[in-house]
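What follows is one structure encoded as structure tokens, with my remarks underneath.
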Amino acid sequence: MGMYLDTPLFGVSISIIAFFIGIYINKKTNKGILNPLIVSSIIIIGFLLYFDIDYEIYNKGGSMISFFIAPATVVLAVPLYKNIRLLKGKWFNVLTGITLGSLAGLFSIYILSKLFKIEATVMISLFPKSTTAAISMEIAEHIGGIPALALAFTVLTGNIGYFMAEYIFKWFNIEDKMSKGLALGTTAHVLGTAKAMELGETEGALSSLAITVAGIVSVFLIPWFMKLLSL
Amino acid sequence: MESLKQFSVILIILFSGQIIQQKTSIPIPGTVLGMIILLFLLMTRIIKIEKIERITNILLEHLTLFFVPVSVGIINVFDKIKDTWLPLLIIIFVSTLVVMIVTGLTIQILNKHTDKSKKGA
């Protein structure tokens, strides 16, 4: 089997086909946790394990698809540019909120990881998990984490944020649209934005803006935080 | 050809970001630098949004697909998490709520303060 698959065509084809199956299952079941990324990854991992194919063989084609993450990260500037007027006169509040929120998240990860004796590289891969996948993987790579783990943690974080947001807002009396939208984008990136769009157009726009702003904040904050704790 | 033209603009910006990153060795990923460069070019109207809107939509629409191969890469690092998956799940759950609560409450409190001082003035 292996020799037929030792071409980029294999990785590209199975990724796209599995992704369409993922979209189909997601639409049919209408369950957030069965999102196309999770479903297609499980299908491909199952296929590779069953036929005993190395990841490296799959990734000959896979890397051609991963290539597009970089240009897609650059164009994340566009939603930020489109909505930046919403932050007029509130920049200080917004940056303070996002920075404090992200910092509190980092401390909670650090303390709990020490408590549970989590291996250092795994803990480091947890740090960027609230930022959007493209940025989270880049940060993980930069600080000595594992991009694939960072991606898995990031997707999980997005799902938790999506499901818990409305309870959190109720329990902690977070009521104004700006705080809700920005908290969602900062915490749960794209999935948070999906929830924010369900809440309203303003929340959605603010959330998509927060993805990029929080990403940039984390790029500076995480290395600083690690220096602070001399990790 | 229009999409391809727009794509080449993005690639040039991306390349500039990577080169600046390597030249200056600042701790910001080249892709994020590229994003900041594009934001700057848009804000200063050096690049009009129409000039890159089409490729933006194409890329962002397929964003999830681009992550599939990396996500499959977990197969190589599965050993690292198979004994600690439950504590990891707890850590991820708790820290996610912490970020959401602190971010939301801080902005809400500061905004109330800002609005009050505006009304007072």
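The structure presented is a predicted model; accordingly, all values stated were derived computationally and were not measured.
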Q: Could you pull out all residues at least two apart from B:Glu2 that satisfy side-chain contact (heavy atoms from CB on, under 4.5 Å)?
A: B:Lys5, B:Gln6, B:Arg54
Q: Check each atom of B:Glu61 against the heavy atoms of chain A and say whether the ones under 4.5 Å are side chain, backbone, both or neither.
A: neither
Q | Side chain / backbone / both / neither for A:Val219 at chain B, heavy atoms under 4.5 Å | A | both
Q: Under 4.5 Å heavy-atom distance to chain B, tell me which part of A:Thr73 shows up: side chain, backbone, both or neither.
A: both
Q | Under 4.5 Å from any heavy atom of chain B - which part of A:Ala134 | A | both
Q. After noting the C-alpha distance and the side-chain angles of A:Lys90 and B:Asp115, does the key distance pass the side chain to side chain contact (heavy atoms under 4.5 Å, CB included) rule?
A. CA-CA 10 Å; A:Lys90 299 262 165 73; B:Asp115 294 342; 3.8 Å; yes
Q) Is the closest side-chain heavy-atom distance between B:Leu88 and A:Phe153 below 4.5 Å? A) yes
**Q.** Derivation of the side chain to side chain contact (heavy atoms under 4.5 Å, CB included) call for B:Ile91 and A:Met123
**A.** CA-CA 10 Å; B:Ile91 296 172; A:Met123 175 181 74; over 6 Å; no
**Q.** Side chain, backbone, both or neither of A:Lys82 within contact of chain B (heavy atoms, under 4.5 Å)
**A.** side chain
**Q.** Side-chain H-bond candidate by donor/acceptor type, A:Ser41 with B:Ser71, under 3.5 Å
**A.** yes
Q. Going from OG1 on B:Thr106 to CG on A:Leu95, what distance comes out if it is rounded to the nearest 0.5 angstrom?
A. 12.5 Å
**Q.** Pairwise distance OG1(B:Thr31) to CG(A:Leu76) - rounded to 0.5 angstrom
**A.** 9.5 Å
Q. Tell me, side chain or backbone of A:Leu48 under 4.5 Å from chain B's heavy atoms, or both, or neither?
A. side chain
Q | Nearest atoms (heavy-atom pairs only) where A:Ile65 meets B:Phe66 | A | CG2-CA, 3.7 Å
Q.
Taking atom CD as the centre, does A:Glu141 end up with more than 12 heavy-atom neighbours from other residues, nucleotides or ligands that are less than 6.0 angstrom away?
A. no
Q. Is there a side-chain contact between B:Val70 and A:Met137, using heavy atoms and a 4.5 Å cut-off?
A. yes
Q. Looking only at heavy atoms, which two atoms of B:Val68 and A:Ser40 are closest? And how far apart?
A. CG2-OG, 3.5 Å
Q) Using a cut-off of under 4.5 Å for heavy-atom pairs, which of A:Gly181, A:Ser102, A:Ser113, A:Ala148 has the most such pairs with chain B? A) A:Ala148
Q | Toward chain A, the part of B:Ile109 with a non-hydrogen atom under 4.5 Å | A | neither
Q | Interface residues of residues 13-23 of chain A facing chain B - non-hydrogen atoms under 4.5 Å apart | A | A:Ser15, A:Ile16, A:Phe19
**Q.** Which portion of A:Phe107 sits near chain B, non-hydrogen atoms under 4.5 angstrom
**A.** neither
(Q) Please classify the contact of B:Ile28 with chain A as side chain, backbone, both or neither, using a heavy-atom distance under 4.5 Å. (A) both
Q: May I ask you to decide if A:Glu175's main-chain N or O and B:Gln108's side chain share a donor-acceptor pair within less than 3.5 Å?
A: yes
Q: For residues B:Pro69 and A:Ile44, determine if any side-chain heavy atom of one lies less than 4.5 Å from a side-chain heavy atom of the other.
A: no
(Q) With a 4.5 angstrom heavy-atom cut-off, is it the side chain or the backbone of A:Ile111 that approaches chain B, or both, or neither? (A) neither
Q: Rounded to the nearest 0.5 Å, what's the gap from CD1 on A:Ile146 to CD1 on B:Ile81? Could you check?
A: 9.0 Å
Q. Is chain A contacted by the side chain of B:Phe7, its backbone, both, or neither, given a heavy-atom distance below 4.5 Å?
A. side chain
Q: Specify which of A:Ala133, A:Gly61, A:Ser130 makes the most heavy-atom pairs with chain B at under 4.5 Å.
A: A:Ala133
Q: Can you tell which part of A:Leu151 gets under 4.5 Å to a heavy atom of chain B, answering side chain, backbone, both or neither?
A: side chain
Q. What residue in A:Val155, A:Asn59, A:Thr96 has the most heavy-atom pairs under 4.5 Å with chain B?
A. A:Thr96
Q) Do you see a donor-acceptor pair shorter than 3.5 Å between the side chains of B:Thr84 and A:Lys117? A) no
Q | Option that, when pairs with chain B are counted at under 4.5 Å, heavy atom only, ranks first among A:Met64, A:Met178, A:Lys180 | A | A:Met178
Q | Value rounded to 0.5 Å, distance of CG in B:Leu65 from CD1 in A:Ile69 | A | 9.5 Å
Q | Part of A:Ala165 lying under 4.5 Å from any heavy atom of chain B | A | both
**Q.** Distance (rounded to the nearest 0.5 Å) between A:Tyr55 OH and B:Ile74 CD1
**A.** 10.5 Å
Q | A:Val78 to B:Ile49 - nearest heavy-atom pair and separation | A | CG1-CD1, 3.7 Å
Q. Side chains of A:Val94 and B:Leu110: does their closest heavy-atom pair fall under 4.5 Å?
A. no
(Q) Taking side chain as everything from C-beta outward and backbone as N, CA, C, O, which of these in A:Phe116 sits under 4.5 Å from a heavy atom of chain B? Side chain, backbone, both or neither. (A) side chain
Q: Go through the atoms of A:Leu100 and report whether side chain, backbone, both or neither lie under 4.5 Å from a heavy atom of chain B.
A: both
Q | Part of A:Leu126 lying under 4.5 Å from any heavy atom of chain B | A | side chain
Q. Do the non-hydrogen side-chain atoms of A:Tyr81 and B:Met43 ever get within less than 4.5 Å of each other?
A. yes
Q: Determine, step by step, whether B:Lys80 and A:Ser125 satisfy the side chain to side chain contact (heavy atoms under 4.5 Å, CB included) criterion, reporting the C-alpha distance in whole Å, the side-chain angles of both residues, the deciding distance to 0.1 Å, and the verdict.
A: CA-CA 11 Å; B:Lys80 283 208 177 282; A:Ser125 310; over 6 Å; no
Q. Between B:Ile52, B:Leu59, B:Leu41, B:Ile55, which shows the greatest number of heavy-atom pairs under 4.5 Å with chain A?
A. B:Leu59
Q | Considering all heavy atoms, the nearest A:Ala72-B:Leu63 contact | A | CB-CD1, 3.5 Å
Q: Considering only heavy atoms and a distance below 4.5 Å, find which of B:Thr64, B:Val98, B:Leu42 pairs most often with chain A.
A: B:Leu42
Q: Looking only at non-hydrogen atoms, find the nearest pair between A:Gly105 and B:Val99 and report the distance.
A: CA-CG2, 3.5 Å
Q. What part of A:Ile109 is in contact with chain B, defined as an atom under 4.5 angstrom from a non-hydrogen atom: side chain, backbone, both or neither?
A. both
Q) Is any side-chain heavy atom of A:Lys129 closer than 4.5 Å to a side-chain heavy atom of B:Thr96? A) yes
Q. Can you name the nearest heavy-atom pair linking B:Met100 to A:Ile174, along with the distance?
A. O-CD1, 4.4 Å
**Q.** Intermediate values then yes/no, side chain to side chain contact (heavy atoms under 4.5 Å, CB included), A:Ile135 and B:Met35
**A.** CA-CA 11 Å; A:Ile135 299 179; B:Met35 183 173 82; 4.3 Å; yes
Q: Name the region of B:Gln18, side chain, backbone, both or neither, that has any atom closer than 4.5 Å to a heavy atom of chain A.
A: neither
Q: Using distance alone, with no hydrogens and no angle criterion, decide if A:Ser179 and B:Asn111 have a side-chain donor and acceptor under 3.5 Å apart.
A: no
Q | For chain A, the option from B:Ile92, B:Leu38, B:Val102 that forms the most heavy-atom pairs under 4.5 Å | A | B:Ile92
(Q) Rounded at 0.5 Å granularity, tell me how far CD1 in B:Ile101 sits from CE in A:Met164. (A) 8.5 Å
Q: With a 4.5 angstrom heavy-atom cut-off, could you sort out which part of A:Phe169 is near chain B: side chain, backbone, both or neither?
A: side chain
